[in-house]
Amino acid sequence: MLFEKVLIKNHTTFKIGGYVKYFAQPESIEDIIYIVKLAKDKDLKIIPITNGSDIIFPDYEINAIVIKLDKMKGIDIIDEDVVEIMAGEGLAKIAIYLENLGLSGFEYLYGIPGKIGGSVCKNAGAYGIEIKDLLLKAFVVSWDGELLELKNEELNLRYRESDLLKYGILYKAQFKLKKDNPDIIRKRRLEFSERRKRTQPYGVQTAGCMFKNPNNMSAGKLIESVGLKGYRVGDVIISEKHANFFINLGDGKAEDVLKLMEIARKRVYEEYGIMLEEEVVVIR
Ligand SMILES: Cc1cc2nc3c(=O)[nH]c(=O)nc-3n(C[C@H](O)[C@H](O)[C@H](O)COP(=O)(O)OP(=O)(O)OC[C@H]3O[C@@H](n4cnc5c(N)ncnc54)[C@H](O)[C@@H]3O)c2cc1C
């Protein structure tokens, strides 16, 4: 369950990042509590991840415990439209599971390659629905190893951010969904999925959108308009399909990503006076 000196790039969708001092994959709440207490004893920082699809680790070794909750599995129906989902369940699987039960909400998030832990933390959203609209409660192991139950409002969920990490590590979340016809839910899911494939790169090594959309403008369009589509630093390139996505062509480094981000930010600022803000989580 606890490993030493692990290459973290193998645990992210961007396939970028160097070694971490410790890496843990808990399978129970007790395991999480054990790791939290161990980190406290060793005075180490904990970085929780679930699918690593929205995070960039540095190229150098970091003195921390990365705790990956992808083995925390389970979906429980606790009322006719209320479900509890463990941190390690992926959004695509959840969407299909709930669709078959005639429960609507997750079909909007179907194409996001995240799992529940990171998706609550980042208030993931697409096509007009975000986690904030569905979440009732978050179940968390606090940084002191205590079990907390937090209401939606306490997490201060906002545009691709929340206060979750102030409290601790999410192991389970409760959601309220809407009853609907499974065929209608499926139709919506397939439409969103099709739209995503048309507009975003897929089947590539990426961490999704690098920057937030400023004041309802598209960060991708801004980066495109300053001529940076296809611009490359090392083995990292700005997608030709959607300029807010950077792609690791194979041997990309965090340093290359950060340089590219700086170039995009500088060029957009010079042209429009708009300072792009990071959407992706950068561990520094
Ligand atoms: C191709 C592609 C398309 C994407 N499209 C979208 C999109 O349309 N909309 C969107 O919102 N996002 C999108 N993303 C970004 C990303 O997939 C989402 O933010 C996703 O919800 C993150 O989930 P994750 O499990 O990968 O999180 P991770 O990357 O593992 O973690 C993200 C953050 O959450 C924290 N965290 C993770 N697990 C826990 C936990 N158990 N407890 C507390 N904190 C935790 C991490 O420390 C980190 O700060 C896309 C990414 C890719 C690669």
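Sequential numbering from 1 along the given sequence is applied to the chain's residues. Order of listing sets the numbers, starting from 1, for every ligand and every atom in it.
In terms of polar-atom proximity, defined here as any N/O pair under 3.5 Å, P48 does make such a contact with ligand 1. In terms of polar-atom proximity, T206 is not counted as a contact of ligand 1, lacking any N or O under 3.5 Å from an N or O of the ligand. Any N or O atom pair closer than 3.5 Å counts here, and A124 shares no such pair with ligand 1. For the pair K122 and ligand 1, the shortest N or O to N or O distance does not fall below 3.5 Å. The shortest N/O to N/O separation between E279 and ligand 1 does not fall below 3.5 Å. Taking only nitrogen or oxygen atoms, main chain and side chain alike, N123 does not reach within less than 3.5 Å of ligand 1.
In this structure, G168 has a heavy atom closer than 4.0 Å to ligand 1.
Within the 4.5 Å cutoff, the side chain of F106 has heavy atoms near those of the L177 side chain. By the 4.5 Å heavy-atom criterion applied to side chains, V141 and Y167 are not counted as neighbours.
Between F211 and F246, the ring-plane angle classifies as perpendicular under the 30° and 60° cut-offs.
Atoms of ligand 1 lying under 4.0 Å from any heavy atom of L69, numbered from 1 in the order shown and given with element: 41 (N). Listed by atom number, the atoms of ligand 1 under 4.0 Å from L164 heavy atoms are 42 (N), 43 (C), 44 (N). Near G208, meaning under 4.0 Å from one of its heavy atoms, ligand 1 places the atoms 2 (C), 50 (C), 51 (C), 52 (C), 53 (C).
Residue, atom and distance of the protein heavy atom nearest to atom 12 (N) of ligand 1 are I112 CG2, 3.9 Å.
By the 4.0 Å N-to-carboxylate-O rule, E27 lies too far from K71 to be salt-bridged with it. We find that D81 and K176 are joined by a salt bridge, their nearest charged nitrogen and carboxylate oxygen being less than 4.0 Å apart. Comment: E277 engages K212 in a salt bridge, judged by a side-chain N to carboxylate O separation of less than 4.0 angstrom.
Taking each of G125, S119, G88 in turn, the one with a heavy atom nearest to atom 9 (N) of ligand 1 proves to be G125.
For an aromatic pair to be called close, the ring centres must be under 6.0 Å apart, and Y127 with F192 satisfies this.
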